Student: 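Here it is, the structure, as structure tokens.
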There are 2 protein chains.
Amino acid sequence: MKKIILIYGASLAVLVFLLKYLEYQFFAKDLALEFYLAVIAMLFTGLGIWAGFRLTRPKGVVIKMSADFVFNERELERLGISKREHEVLEWMAKGLSNQEIADKLFVSLNTVKTHTSNLFLKLEVSRRTQAIQKAKELSLIP
Amino acid sequence: MKKIILIYGASLAVLVFLLKYLEYQFFAKDLALEFYLAVIAMLFTGLGIWAGFRLTRPKGVVIKMSADFVFNERELERLGISKREHEVLEWMAKGLSNQEIADKLFVSLNTVKTHTSNLFLKLEVSRRTQAIQKAKELSLIP
DNA sequence: CTTGAAATCATCCTTTCGGGTGAAGGCTTT
DNA sequence: AAAGCCTTCACCCGAAAGGATGATTTCAAG
């Protein structure tokens, strides 16, 4: 923010200087008024465009609550992912550990590990973070 | 786009008309040159701001391929996440292991581990999958 | 009834993660 | 100069994850 103010201040200073110089030229060398005006107009138009550019840049806080998720059943079938595996995948994507998923689904840790292993094979990945990524790309999960 | 051009053209026409009127007043009523200049400057600054606004906010007609992700710098600052940590976060979200990230950034595995640990503290999570999730919610990463 | 897929659980072993702690060098601010 | 943050790296330890393999049960389809 400080930077912007500095740049703006500097620009203004330069502009004022230019204007004064042009004003001098105007009276000294009898330049056409139109030329003088054109230069001023262009300069301030440029300044305005720049200012508008800065002003319209939101710089943050855009929260999107898109709920437009269409479940891709074809991909599921194509990859041969079973219902249970898909369930595990969903919990995995929510950041749960294998143990926590096991507790959620009332099965043993080993079972979840088996499911995750199979998932990794079917999704052709080797880590859960990659699995989540790929699953989202394929619209297997929201 | 045609609309914008039309409006811009119309505005220019009006401005020119105004200028000519002012020019007449200038010579006829002996207004101060400074006043004349100030009016011109303000007008064109306003025009520029409007143009900049239009240019940066196409509002529709532009085909945007990339996802509408607006980087949330405020959250980053609020959470006190450094540039390097954010960088690690990005690679983490792409499914890379700590070792792979270390290779990408040309630092040691230990360094990456330090960054991830700090990230987990700052994001108030305990697993990388959760960190990725939270970072996405906060628009820290696409 | 047999076959096969799905779901369940297990064991063994290796790699990766996560947590804790410490520390050195660089850069900025006070 | 001193304080503070960032970045870098190190070591240790336990927990979690991943890979390989095998086994049992259930259930639907051939």
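All chains are named by letter (A, B, ...) in the order of the sequence lines, taking the proteins before the strands, and each is independently numbered beginning at 1. From a predicted model like this one, the values you see are computed outputs, not experimental measurements.
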Student: Can you tell me how far apart CG (A/Leu76) and CG (A/Leu140) are? Round to the nearest 0.5 Å.
Tutor: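 That separation rounds to 4.5 Å.
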
Student: Which residue pairs pass the side-chain hydrogen bond (donor to acceptor under 3.5 Å, both in side chains) test when at least one of the two sits in residues 87-96 of chain B, sequence neighbours left out?
Tutor: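 For residues 87-96 of chain B: B/Arg84-B/Glu87.
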
Student: Give, for atom NE2 of B/His115 and atom CG of B/Asn110, the distance between the pair rounded to the nearest 0.5 Å.
Tutor: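 Reported to 0.5 Å precision, the distance equals 11.0 Å.
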
Student: Can you list, by residue number, the residues of residues 112-124 of chain B that have a non-hydrogen atom closer than 4.0 angstrom to DNA chain D?
Tutor: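 DNA chain D contact set from residues 112-124 of chain B: B/Thr114, B/His115.
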
Student: Run the side chain to side chain donor-acceptor pair (under 3.5 Å) test against B/Lys122 and tell me which residues pass, sequence neighbours left out.
Tutor: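 Here the qualifying residues are B/Glu85.
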
Student: Which value, rounded to the nearest 0.5 Å, describes the distance between A/Asn118 atom CG and A/Leu89 atom CG?
Tutor: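 Atom-to-atom, A/Asn118:CG and A/Leu89:CG are 12.5 Å apart.
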
Student: To the nearest angstrom, how far is B/Gln99 atom CD from C/dT15 atom P?
Tutor: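 Rounded to the whole Å, the gap is 12 Å.
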
Student: Output the rounded distance in Å from CD (B/Glu100) to P (C/dT16).
Tutor: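 The distance from CD of B/Glu100 to P of C/dT16 comes to 9 Å, rounded to the nearest Å.
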
Student: Measuring only between side-chain heavy atoms, which start at C-beta, is B/Val107 closer than 4.5 Å to B/Ile101?
Tutor: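 Sidechains of B/Ile101 and B/Val107: no contact.
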
Student: Identify, with sequence neighbours excluded, every residue that meets side chain to side chain donor-acceptor pair (under 3.5 Å) alongside A/Gln99.
Tutor: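 With neighbours one apart ignored, the set is A/Asp103.
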
Student: I'd like a table of atom pairs between the protein and nucleotides 26-30 of chain C - only N or O on both sides, under 3.5 Å - with the distance next to each one.
Tutor:
none

Student: Suppose the criterion is salt bridge (charged side-chain N to carboxylate O under 4.0 Å, His left out): which pairs have a residue in residues 125-139 of chain A, not counting sequence neighbours?
Tutor: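 Matches after skipping sequence neighbours: A/Arg127-B/Glu100.
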
Student: Check step by step if ring-ring contact (aromatic ring centres under 6.0 Å, His included) holds for A/His86 and A/Phe71.
Tutor: CA-CA 12 Å; A/His86 183 254; A/Phe71 183 67; 5.1 Å; yes

Student: What pair of heavy atoms forms the shortest contact from B/Ala131 to B/Phe120, and how long is it?
Tutor: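 Heavy-atom minimum between the residues: CB-CE2, 3.6 Å.
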
Student: For the pair made of CG in B/Leu89 and P in D/dT7, what is the distance, rounded to whole Å?
Tutor: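 Taking CG of B/Leu89 and P of D/dT7, I get 13 Å after rounding.
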
Student: Check whether any side-chain heavy atom of B/Leu79 sits under 4.5 Å from a side-chain heavy atom of B/Leu138, and report yes or no.
Tutor: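 When only atoms from C-beta onward are counted, B/Leu138 and B/Leu79 do touch, with a gap below 4.5 Å.
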
Student: How many whole angstroms separate atom CG of A/Leu109 from atom C1' of C/dA7?
Tutor: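 Atom-to-atom, A/Leu109 to C/dA7, this comes out as 16 Å.
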
Student: Could you check how far CD of B/Glu87 sits from P of D/dC6, rounded to whole Å?
Tutor: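 It works out to 15 Å between those atoms.
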
Student: At under 4.0 Å between heavy atoms, how does the protein contact nucleotides 23-28 of chain D? Give one character per nucleotide, 5' to 3', with B, S or -.
Tutor: ------

Student: With respect to the side chain of B/Ser108, which nucleotide from D/dT8, D/dA10, C/dC17 is positioned closest?
Tutor: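 Within the option list, the nearest is D/dA10.
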
Student: Looking at A/Asn110, I'd like to know whether one of its side-chain N or O atoms comes within less than 4.0 Å of OP1 or OP2 on C/dA10.
Tutor: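 Yes, A/Asn110 has a side-chain N/O under 4.0 Å of OP1/OP2 on C/dA10.
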
Student: Under a 4.5 Å cut-off applied to non-hydrogen side-chain atoms, are A/Ile81 and A/Leu123 in contact?
Tutor: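 Counting from C-beta outward, A/Ile81 and A/Leu123 do come under 4.5 Å.
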
Student: Is it true that B/Arg78 and B/Glu75 have a side-chain N and a carboxylate O under 4.0 angstrom from each other?
Tutor: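 So B/Arg78 pairs with B/Glu75 through a salt bridge.
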
Student: What integer distance in Å separates B/Met92:CE from C/dT16:P?
Tutor: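 Computing the B/Met92:CE to C/dT16:P distance gives 16 Å.
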
Student: How do A/Val125 and B/Phe106 order along DNA chain D: which one's closest nucleotide is nearer the 5' end?
Tutor: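 With A/Val125 and B/Phe106 compared, the 5'-side residue is B/Phe106.
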
Student: Which residues satisfy the side chain to side chain donor-acceptor pair (under 3.5 Å) test with B/Lys113, sequence neighbours excluded?
Tutor: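 By the side chain to side chain donor-acceptor pair (under 3.5 Å) rule, B/Lys113 matches no residue at all.
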
Student: Any side-chain heavy atom of A/Leu119 within less than 4.5 Å of one from A/Val125?
Tutor: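 Side-chain contact under 4.5 Å: no.
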
Student: Could you state the CG-C1' distance from B/Leu105 to D/dC9, rounded to the nearest angstrom?
Tutor: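 Atom CG in B/Leu105 sits about 14 Å away from atom C1' in D/dC9.
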
Student: Heavy atoms within less than 4.0 Å of DNA chain D: which residues of residues 76-86 of chain B have one? Give them sorted by number.
Tutor: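 B/Ser82, B/Lys83, B/Arg84, in order of number.
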
Student: Which value, rounded to the nearest 0.5 Å, describes the distance between B/Glu77 atom CD and B/Asn72 atom CG?
Tutor: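 B/Glu77 CD to B/Asn72 CG: 9.5 Å, rounded to 0.5 Å.
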
Student: What bend angle does the helix from C/dC1-D/dG30 to C/dT30-D/dA1 show across its length, from five-pair end axes and to the nearest 10 degrees?
Tutor: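 About 50° separates the two local helix axes.
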
Student: Please list, in numerical order, the residues of residues 128-142 of chain A that have a heavy atom closer than 4.0 Å to any atom of DNA chain D.
Tutor: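 Here the set is A/Arg128.
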
Student: Strictly below 4.0 Å: does A/Asn98 bring a side-chain N or O up to OP1 or OP2 of D/dA16?
Tutor: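 Indeed not, no polar side-chain atom of A/Asn98 lies that close.
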
Student: Can you tell if the side chain of B/Thr116 reaches within under 4.5 Å of the side chain of B/Met92, non-hydrogen atoms only?
Tutor: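 Yes, side chains in contact.
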
Student: Please list, chain by chain and in numerical order, all residues satisfying side chain to side chain donor-acceptor pair (under 3.5 Å) with A/Ser108, sequence neighbours excluded.
Tutor: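 Partners of A/Ser108 under the side chain to side chain donor-acceptor pair (under 3.5 Å) test: A/Thr111.
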
